[in-house]
Amino acid sequence: MDGGQIEIELHTSLASIPRDVWDACACPEAEDGSRANDPFTTHRFLSALEESGSVGPGTGWQPRYLTAKSDGHMIAVAPLFVKSHSQGEYVFDHNWAHAYENAGGRYYPKLQMAVPFSPVTGRRFLTRPGCEAAGQAALVQGLVQVASDNELSGAHITFCSDAEAAAGREMGLLHRTGQQFHWVNGGYCSFDDFLSALSARKRKNIRKERATAQGFGGEIITVTGDDIQPQHWDAMWQFYQDTGARKWGSPYLTRAFFDIAHDTLRDDILMVFAMRDGVPLAGAMNMIGRETLYGRYWGCVEHHACVHFELCYYQAIDWAIANGLKTVEAGAQGEHKLARGYLPVETHSLHWIRDAGFREAIANYLEAERAAVSEEIEVLTGWGPFRNEPQEDHE
């Protein structure tokens with residue numbers, strides 16, 4: 001693109017940005033009607049959060065969508081929120097907040113460029129093809145300007161892509177790493193083909209877990225798109241409420257989100273249920289990207305051994321293999337995923353801190369943290385379930 005003047009604007013509602021304009025930046029690969037790489041940054045997903053009241057007044061997530069125009073044409077957009085707490089982010093900065101406030105500062109509100117309640121890696125600087133460098137630079141400049149003009153403590157970009165992390169570092173942002181466990185499709189033709197890549201002990205354990213789960217006294221089903229019925233949403237809401245209450249104190253998503261999702265997101269969603277006599281006893285909900293299946297929510301009304309592993313991990317692998325997906329992201333944390341074929345990978349976030357002294361302290365902390373994360377990933381990878389050699393062992 002040529003170097004025209006770039007106009008930065010904040011929007012308090014996604015309704016002020018036409019869907020086709022937003023999605024031309026967020027998911028240009030889907031303009032032909034195909035699946036988006038990242039379902040979480042589509043206009044329909046973010047709109048569902050806003051329209052359902054999951055973000056907005058009273059939630060601590062106030063939308064301030066950031067846009068950049070050049071010569072009247074939108075070249076970049078970003079999901080941006082004013083945060084009054086650090087809940088629902090999964091890149092934990094509570095210690096930063098305590099330290100800042102103990103020193104007499106005001107940590108909240110802060111700016112958060114993120115997908116609410118979703119620890120999934122993806123682009124955060126959503127640029128039109130060909131506008132990447134100019135769009136990223138404009139969004140970072142706009143983000144820092146907004147935070148600085150309003151005397152906010154900082155701005156945070158969480159679960160950004162590898163390329164964005166590198167670009168952000170070049171622009172002077174602080175770089176933080178974390179760790180998740182992802183399954184990677186090695187070109188497997190079936191679940192048994194995947195198992196053949198594991199050590200004999202791990203193969204045996206997974207087969208035992210799957211057999212145990214299948215013996216719960218009912219059937220396991222998967223539904224997506226038009227096969228998702230209202231009763232499936234009712235069950236998933238019940239599961240989500242139970243799990244959310246135990247993990248976070250209160251669920252982030254409202255019941256209205258599930259109703260809107262049925263209308264606008266069901267083609268992006270895969271549900272897996274353990275059913276008995278037509279009644280869901282446990283379930284898992286996933287979001288479907290072009291190359292990745294994203295595990296999101298799980299819950300149950302009856303506990304049965306290994307059903308959690310089956311619905312959340314093994315059924316996801318099965319579905320990914322059958323549908324040619326490259327990866328499964330099974331959510332935040334959980335070293336128990338390692339034994340089930342999910343290996344540790346590095347995640348990234350970027351941070352701008354207004355106070356120079358505080359910024360230096362955090363920079364020193366992040367340098368040590370990055371080294372520790374890298375070492376842990378190396379160690380955990382070595383403990384993984386895969387055979388070291390193709391013919392290492394036999395059943």
Side-chain angles (χ1 to χ4, degrees), residues 8 10-12 46 49-50 53-66 78-121 124-125 139-160 164-165 168-169 171-180 244 247-253 332-333 347-373:
I8 300 295
L10 286 175
H11 303 255
T12 59
L46 294 170
L49 291 178
E50 188 179 335
S54 300
V55 300
T59 68
W61 290 82
Q62 289 294 335
R64 292 294 186 272
Y65 308 102
L66 191 62
L80 183 64
F81 301 86
V82 179
K83 291 295 306 297
S84 60
H85 53 65
S86 291
Q87 303 303 315
E89 296 170 8
Y90 302 94
V91 176
F92 302 111
D93 63 349
H94 301 88
N95 290 340
W96 300 3
H98 292 156
Y100 196 69
E101 291 173 356
N102 286 341
R106 186 170 65 114
Y107 193 76
Y108 304 106
K110 62 177 182 174
L111 291 181
Q112 196 82 19
M113 188 179 290
V115 177
F117 332 125
S118 303
V120 295
T121 291
R124 298 294 175 258
F125 306 115
L139 291 175
V140 170
Q141 182 179 355
L143 179 70
V144 171
Q145 192 68 51
V146 171
S148 181
D149 288 350
N150 290 277
E151 298 185 347
L152 303 183
S153 66
H156 311 269
I157 306 159
T158 44
F159 293 101
C160 59
E164 289 173 331
R169 289 196 304 269
M171 287 185 269
L173 299 177
L174 301 181
H175 176 217
R176 189 176 193 182
T177 58
Q179 173 193 296
Q180 285 185 348
K247 282 190 173 183
W248 316 305
S250 62
Y252 297 129
L253 299 176
Q333 305 171 332
T347 60
H348 304 277
S349 61
L350 296 166
H351 307 268
W352 178 83
I353 305 298
R354 185 166 61 92
D355 181 88
F358 193 50
R359 181 169 61 248
E360 182 179 2
I362 288 181
N364 292 334
Y365 168 79
L366 293 181
E367 183 177 2
E369 186 185 49
R370 286 194 300 271
V373 168

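This chain uses plain numbering: 1 for the first residue, then up along the sequence.
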Chemist: Per the salt bridge (charged side-chain N to carboxylate O under 4.0 Å, His left out) rule, what does the pair list look like for residues 94-119, sequence neighbours excluded?
Modeler: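 Non-adjacent pairs meeting salt bridge (charged side-chain N to carboxylate O under 4.0 Å, His left out): Glu89-Lys110, Asp93-Lys110.
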
Chemist: Could I get the full list of ring pair (Phe, Tyr, Trp, His ring centres under 6.0 Å) partners for His351, not counting sequence neighbours?
Modeler: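 Partners of His351 under the ring pair (Phe, Tyr, Trp, His ring centres under 6.0 Å) test: Trp96, His156.
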
Chemist: Apply side chain to side chain contact (heavy atoms under 4.5 Å, CB included) to Thr121 and list each qualifying residue two or more places apart in sequence or on a separate chain.
Modeler: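 Phe159, Glu329, Thr347.
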
Chemist: Write down the atom of Gly53, the atom of Thr59, and the distance for their closest heavy-atom approach.
Modeler: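 Closest approach of Gly53 to Thr59: O-CG2, 3.5 Å.
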
Chemist: Can you sort out the partners of His98 under side chain to side chain donor-acceptor pair (under 3.5 Å), two or more places apart, ordered by chain and number?
Modeler: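 Not a single residue meets the side chain to side chain donor-acceptor pair (under 3.5 Å) criterion with His98.
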
Chemist: Please name all residues satisfying salt bridge (charged side-chain N to carboxylate O under 4.0 Å, His left out) with Arg176, sequence neighbours left out, ordered by chain then number.
Modeler: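 Once residues adjacent in sequence are excluded, the partners of Arg176 under the salt bridge (charged side-chain N to carboxylate O under 4.0 Å, His left out) criterion are Glu369.
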
Chemist: In Å and rounded to the nearest 0.5 Å, what is the CG to CG distance from Leu80 to Leu139?
Modeler: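 Answer for the CG-CG pair, Leu80 versus Leu139, is 9.5 Å.
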
Chemist: Restricting to side chain to side chain contact (heavy atoms under 4.5 Å, CB included), what partner residues turn up for Ala97, sequence neighbours left out?
Modeler: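 With sequence neighbours excluded, Ala97 shows a side chain to side chain contact (heavy atoms under 4.5 Å, CB included) to Tyr107, Tyr108, given in chain and number order.
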
Chemist: Answer yes or no: is there a side-chain heavy-atom contact under 4.5 Å between Ser148 and Trp352?
Modeler: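 Yes - at least one pair of side-chain heavy atoms lies under 4.5 Å apart.
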
Chemist: Restricting to non-hydrogen atoms, name the atom on Phe81 and the atom on Pro63 that form the minimum distance, rounded to 0.1 Å.
Modeler: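 Taking every non-hydrogen atom into account, CD2-CA, 3.7 Å.
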
Chemist: Show the nearest heavy-atom pair for residues Pro116 and Leu46, with the distance to one decimal.
Modeler: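 Nearest heavy atoms, Pro116 then Leu46: CD-CD2, 4.5 Å.
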
Chemist: The criterion is side chain to side chain donor-acceptor pair (under 3.5 Å); which residues satisfy it with Asn95, sequence neighbours excluded?
Modeler: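 Per chain and number, Asn95 pairs via side chain to side chain donor-acceptor pair (under 3.5 Å) with no residue.
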
Chemist: If you round to the nearest 0.5 Å, how far is CG of Leu173 from CD1 of Ile353?
Modeler: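 The distance works out to 10.0 Å.
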
Chemist: Please identify which of these residues, Val91, Ile157, Leu366, meets the side-chain contact (heavy atoms from CB on, under 4.5 Å) condition with Ser349.
Modeler: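 Looking at Val91, Ile157, Leu366, the match for Ser349 under the side-chain contact (heavy atoms from CB on, under 4.5 Å) is Val91.
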
Chemist: Just how far is it from atom NE2 of His348 to atom NE2 of His175, taken to the nearest 0.5 Å?
Modeler: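 One gets 5.0 Å once the value is rounded to the nearest 0.5 Å.
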
Chemist: Is the shortest side-chain heavy-atom distance between Met113 and Thr158 below 4.5 Å?
Modeler: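 The answer is no, as the side chains (C-beta and beyond) never meet within the 4.5 Å cut-off.
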
Chemist: Report the residues that fulfil side chain to side chain contact (heavy atoms under 4.5 Å, CB included) with Val82, sequence neighbours left out, ordered by chain and then residue number.
Modeler: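 Gln62, Arg64, Pro109, Leu111.
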
Chemist: Looking only at heavy atoms, which two atoms of Ile8 and Gly142 are closest? And how far apart?
Modeler: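 Answer, listing the atom of Ile8 first, then Gly142: CG2-CA, 4.1 Å.
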
Chemist: At their closest point, which heavy atom of His94 faces which heavy atom of Ser86, and how far apart are they?
Modeler: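 In this case the closest contact between His94 and Ser86 is NE2-CB, 3.8 Å.
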
Chemist: According to ring pair (Phe, Tyr, Trp, His ring centres under 6.0 Å), who are the partners of Phe117, at least two apart in sequence or on a separate chain?
Modeler: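 Phe117: ring pair (Phe, Tyr, Trp, His ring centres under 6.0 Å) contacts with Trp61, Tyr252.
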
Chemist: Going from CD on Gln145 to CG on Leu66, what distance comes out if it is rounded to the nearest 0.5 angstrom?
Modeler: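 If we round to the nearest 0.5 Å, Gln145:CD and Leu66:CG are 11.5 Å apart.
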
Chemist: Please name all residues satisfying side chain to side chain donor-acceptor pair (under 3.5 Å) with Gln180, sequence neighbours left out, ordered by chain then number.
Modeler: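 Per chain and number, Gln180 pairs via side chain to side chain donor-acceptor pair (under 3.5 Å) with His182.
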
Chemist: Are Tyr100 and Asp355 close enough that some pair of their side-chain heavy atoms sits under 4.5 Å apart?
Modeler: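 Side-chain contact under 4.5 Å: yes.
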
Chemist: Taking all non-hydrogen atoms of both residues, which atom of Ala155 and which atom of Ala147 are closest, and how far apart?
Modeler: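 The pair with the smallest heavy-atom distance is CB-CB, 4.4 Å.
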
Chemist: Taking side chain to side chain donor-acceptor pair (under 3.5 Å) as the definition, give me every residue that meets it alongside Tyr65, ordered by chain and number, with sequence neighbours left out.
Modeler: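 Checked Tyr65 against side chain to side chain donor-acceptor pair (under 3.5 Å); matches are Glu50.
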
Chemist: According to salt bridge (charged side-chain N to carboxylate O under 4.0 Å, His left out), who are the partners of Glu367, at least two apart in sequence or on a separate chain?
Modeler: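 Glu367 satisfies salt bridge (charged side-chain N to carboxylate O under 4.0 Å, His left out) with no other residue.
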
